[in-house]
Amino acid sequence: MENTIIYNPTKVFFGKNVIAKFSRNFPKDIKRVLLLYGKGSIKNNCIYNEVVEQLKLAGLEWVEYSGIKSNPIIEDVYEAVNVVKKNKLQAVVALGGGSVIDTAKTIAVASLYDNDAWDLFTGKLKPT
């Protein structure tokens, strides 16, 4: 077995009333983020409003990308990566379940890569 060190600076906020802690835990060097979510149920259950309030409290600017499907598609990754690069965003805030979170991880890595994001799934790109 090879010696391995894994560093994964990801915070997952999960559970009741955790959104209220979001603004206090966001890295201070990040100022512009992508807010990523699915088809909009977060707007019906008020989660969206709570997160937007926390983004404001943290002093963050954000650009939204919505419509992530239950079975994510690579085209959403391509479009969101373009949004990240065009707006010089520094982080991805995923608001939703597994599909949104998986898509957010792909977008975050692909945003730092100049070739096809699909390379992540073929093994051509191996994030470090």
Side-chain angles (χ1 to χ4, degrees):
M1 174 181 254
E2 292 183 40
N3 292 342
T4 304
I5 297 173
I6 297 173
Y7 174 69
N8 188 1
T10 300
K11 288 187 179 184
V12 177
F13 292 77
F14 186 83
K16 288 185 177 185
N17 302 316
V18 297
I19 293 173
K21 299 176 183 176
F22 178 77
S23 64
R24 291 176 285 185
N25 287 286
F26 211 83
K28 300 299 180 209
D29 60 330
I30 302 293
K31 300 295 179 199
R32 300 176 51 80
V33 302
L34 178 70
L35 179 59
L36 186 75
Y37 54 94
K39 296 179 182 175
S41 63
I42 62 165
K43 290 188 175 181
N44 296 331
N45 62 24
C46 298
I47 300 289
Y48 174 85
N49 293 338
E50 291 178 41
V51 170
V52 165
E53 184 61 31
Q54 290 298 309
L55 293 172
K56 290 176 184 176
L57 285 172
L60 297 169
E61 296 177 37
W62 69 93
V63 176
E64 296 182 24
Y65 189 94
S66 63
I68 301 302
K69 296 152 191 64
S70 297
N71 293 310
I73 59 173
I74 194 69
E75 288 77 16
D76 279 331
V77 171
Y78 295 148
E79 289 179 28
V81 165
N82 286 334
V83 169
V84 168
K85 289 181 177 183
K86 176 184 172 188
N87 292 282
K88 298 180 178 151
L89 304 177
Q90 301 168 284
V92 180
V93 175
L95 187 53
S99 294
V100 174
I101 293 169
D102 289 345
T103 303
K105 292 184 287 186
T106 304
I107 292 165
V109 173
S111 295
L112 302 173
Y113 184 60
D114 290 327
N115 294 313
D116 192 340
W118 190 251
D119 291 346
L120 281 162
F121 302 100
T122 64
K124 186 175 178 182
L125 172 60
K126 295 180 182 177
T128 57

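All values below come from the heavy atoms of this structure, side chains included, with hydrogens, waters and symmetry mates left out.
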Would you say that more than 12 heavy atoms from the other residues, nucleotides or ligands in this model lie under 6.0 Å from the CG of Asn17, or not?
no
For the backbone of Arg32 and the side chain of Gln90, can you confirm whether one donor and one acceptor N or O come within less than 3.5 Å of each other?
yes
Would you say [X] and [Y] make side-chain contact, with heavy atoms under 4.5 Å?
| X | Y | result |
| --- | --- | --- |
| Asp114 | Lys85 | yes |
| Gln54 | Leu57 | yes |
| Phe22 | Val93 | yes |
| Phe26 | Lys31 | no |

Mind checking salt bridge (Lys or Arg N to Asp or Glu O under 4.0 Å) for Lys39 and listing every partner two or more places apart, or none if nothing turns up?
none
Nearest 0.5 angstrom please: [X] [atom1] to [Y] [atom2], how far?
| X | Y | atom1 | atom2 | value |
| --- | --- | --- | --- | --- |
| Ser23 | Lys56 | OG | NZ | 13.0 Å |
| Glu75 | Lys69 | CD | NZ | 8.5 Å |
| Lys124 | Asn115 | NZ | CG | 6.0 Å |
| Leu35 | Leu95 | CG | CG | 6.0 Å |

Val100: which other cluster members, linking ILVMFWY side chains closer than 4.5 Å, directly or transitively?
Leu34, Leu36, Val63, Tyr65, Ile68, Ile74, Val77, Tyr78, Val81, Val83, Val84, Leu89, Val92, Ile107, Val109, Tyr113, Trp118, Leu120, Phe121, Leu125
On a heavy-atom basis, which atom in [X] and which in [Y] lie closest, and how many Å separate them?
| X | Y | result |
| --- | --- | --- |
| Ile42 | Asn45 | O-OD1, 3.0 Å |
| Thr103 | Pro72 | OG1-CB, 3.3 Å |
| Asn25 | Lys21 | ND2-O, 2.7 Å |
| Ala91 | Ile30 | CB-CG2, 3.9 Å |

